[in-house]
Amino acid sequence: MDYKDLANLIFPDAKDISYYEEKYPERNLPEGAIVTRFAPSPTGFVHIGGLYQALVAREVAKKTGGVFFLRVEDTDQKREVENGVTGIVNSLKDFDMAPDEGMITDTEEIGNYGPYKQSLRKEIYQAYAKYLISQGKAYPCFCTPEEGEEIRKKQEAAKVRTGYYGVWAKCRNITVEEAYKKIENGESYIIRFKSPGREDRKIKHKDIIKGNVDFPENDQDIVIIKADGLPTYHFAHAVDDHLMRTTHVIRSDEWLSSVPLHLQLFHELGFKAPKYAHISPIMKNDNGNKRKLSKRKDPEAAVSYYKEEGIPVNAVKEYLLNIANSTFENWRRANPDKSMDEFDFQLNKMSVSGALFDMVKLLDIGKTVISKMTAEEVYENSLKWAEEYDKELLEMLQDKEYALRVFGIERGNKKPRKDISKWSEVKYNIEYMYDDKFYSKEQEYQYQVIADKEDIEKILNLYIEKYYNDNDDKQTWFDKIKELAGEMGYAKEVKEFKANPGMYKAHVGDVSTVLRIALTARANTPDMYEIMQVLGKDRIQKRFETAIKNLK
RNA sequence: GGCCCCGUGGUCAAGCGGUUAAGACACCGCCCUUUCACGGCGGAGUCAUGGGUUCGAUUCCCGUCGGGGUCACCA
């Protein structure tokens, strides 16, 4: 009786691994093409760090004419969440990052290297586990979880390394006969990898991002097949990334310390190991301490947050790309109108330490991104966001022609206005341009320098009756306000006022402020000429009348 | 605790033995025909720390301190 008999007893129906090796041949890709993947577990929550990894992985694959695929790691049935896959697929779609291969809905997939859902690959893992057993490189372990716990306690008490290794690996040296008998007797077991490693030996590993890292060899007989017949992460990683012909494993750096194990697994399985790039996580400052963005504590940890807030997709991506390669920022300044896909992303230039998440900067990028859009694009995006998150805004946007005029204010010129950083700010931004919104609430008119109510009333009346004309061009419009200022005894030029402050009550700027506030009830607005053009004389007049009434 | 990684201004960071130590966000001031925003100009602010090596260290080595990761039949 030998290892083969044991392997046959454990996995009688498993295919020979040559079947899979042939079924999933090396990919026929151009020289230098990189194959990457995004491999989340479907917990129903997509972390911004996950999106970050996916963005980087996709960027690298795209750049080299390779493949970016999505694999769902659902080997932990306890964590299974309904529609978890849909959440992942949709998040990638929302960010315009759909994979070339892999899951495209909860149940459907594309590509020739599937299934791309690990729970559907059970027989594949078992075939490779069988292979390992038949080679004497893996063995059944009959220790119960409770026994494992006991071993660990003993190890802790003895102050030695914890784990299933060396003399602690009780089942490692069970004879084939003994194992055979236990299995026939119905004892339950799991499959462990028989590690050939020694803790006192070092291995060298070159990570694309972290650089040279030395580790002790792995000597842990880790579990490869759990009691439920499904593989653990480590085993699935080796089998899948080999069979799916992944060239570069781009993943979170919490996996860095598992590299010795993974390399060993690849070696013992007879696979060529992929290259690894371990990405530092996105952090957050929590009372002076850095910590990972937390699903529970930080709303911005969820990718859904960005959608809900209406932060433009490209702003999020550019921000993430900037964390990944900080030279992106300089490139962006030099190429303000190019698509970010043209940026020459470098995996090996990624930061080795984790960056603190900076919402202020993200929002600044949001402003820039939106400022570059046409009124039409702003309209479409606002509408899309409003449909899902803001009924009131949606209503306001029904009159598209008018909305386009409002969004067109100070847009499209060489120095476009940068005042909207996310779609959820749109409503506040344009509200005062809508009469029903404007009149539906009690406005507060805070006239600033000019406080004399009679003067204010006079300015408003005089302006609308004597000076304002819808057909004036901007210069004429401007000159007329100066004339009005002069007629009322205010300085026509600010400089003049500053030179002789005693000669005037105030200056033309203060007069404008009165007009602006009567018009919008706001101290800060975009260009007043354009606002007036959109409003038109009748509406301007009505707003002035309302403002005057409010004075009394 | 063992093992591993990291440490340049408030934040993201460039830098690879000799630099006035880039740039961006944020902050402050000035200018930009009248607000705000944009833009322009200017400003404040950094190489964690102690030892080496070197003619010379932010750059190389060691220690210290600080931060992070990992030690599951979770991924």
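Keep in mind that what you see is a predicted model, and the values were worked out from it rather than measured. Letters A, B, ... mirror the listed sequences (proteins, then strands); counts begin at 1.
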Under 4.0 Å, counting only non-hydrogen atoms across every strand here, what does [X] touch: a base, just sugar-phosphate, or nothing?
X      : value
A:Y233 : base
A:S280 : nothing
A:K78  : sugar-phosphate
A:K414 : nothing
A:S353 : sugar-phosphate
A:P281 : nothing
A:D364 : sugar-phosphate
A:D510 : nothing
A:N218 : nothing
A:W477 : base
A:S258 : nothing

With a 4.5 Å heavy-atom cut-off, do [X] and [Y] have their side chains touching?
X      : Y      : result
A:Y189 : A:C171 : no
A:Y52  : A:H47  : no
A:D472 : A:K480 : yes
A:I323 : A:M350 : no
A:I409 : A:M433 : yes

RNA chain B: 5'-proximal contact among A:V213 and A:E410 (nearest heavy atom):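 This one resolves to A:V213.
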Assign each of A:T525 and A:S257 to its nearest nucleotide of RNA chain B by heavy atoms, then name whichever residue's nucleotide is nearer the 5' end.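 With A:T525 and A:S257 compared, the 5'-side residue is A:T525.
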Between [options], which one does the side chain of [X] approach most closely?
X      : options                : answer
A:Q475 : B:rU33, B:rC3, B:rG39  : B:rU33
A:R79  : B:rC5, B:rC74, B:rA24  : B:rC74
A:R516 : B:rA75, B:rG69, B:rU35 : B:rU35

Pairs touching residues 220-235 of chain A that satisfy side-chain hydrogen bond (donor to acceptor under 3.5 Å, both in side chains), sequence neighbours left out: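 Output for this query lists A:Y139-A:D221, A:R172-A:D221, A:Y233-A:R251.
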Ring pair (Phe, Tyr, Trp, His ring centres under 6.0 Å) evaluation trace for A:F343 with A:F328: CA-CA 7 Å; A:F343 171 68; A:F328 173 78; 5.1 Å; yes
OP1 or OP2 of B:rC12 versus the side-chain N and O atoms of A:K349: is any pair under 4.0 Å?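 No, A:K349 has no side-chain N/O under 4.0 Å of OP1/OP2 on B:rC12.
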Flag yes if more than 12 heavy atoms outside A:K458 fall under 6.0 Å of its NZ atom; otherwise flag no.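 No, not enclosed.
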What about A:E254, does its side chain sit under 3.5 Å from the base of B:rG69 through a donor-acceptor pair?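 Between B:rG69 and A:E254, which were checked side chain against base, a qualifying N/O pair under 3.5 Å is absent.
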Looking at A:K415 and B:rA37, is any side-chain donor or acceptor paired with a base atom of the opposite kind under 3.5 Å?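 Absent.
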Represent RNA chain B in dot-bracket notation, 5' to 3'. Only Watson-Crick or G-U wobble pairs with both distances under 3.5 Å count; pseudoknot-style crossings use [ ] and interstrand partners use |. ((((((((.[[[..)..(....]]].(((((.......)))))....[[[[[..)....]]]]])))))))....
Nearest-0.5 Å distance that lies between atom CE in A:M373 and atom OG1 in A:T368: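 OG1 of A:T368 is found 11.5 Å from CE of A:M373.
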Electrostatic pair A:K482:A:E487 at N-O distance under 4.0 angstrom: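 Here A:K482 does not pair with A:E487 in a salt bridge, since their nearest N and O are not under 4.0 Å apart.
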List in numerical order all residues of residues 153-168 of chain A for which some heavy atom is under 4.0 Å away from an atom belonging to RNA chain B.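 By residue number: A:T162.
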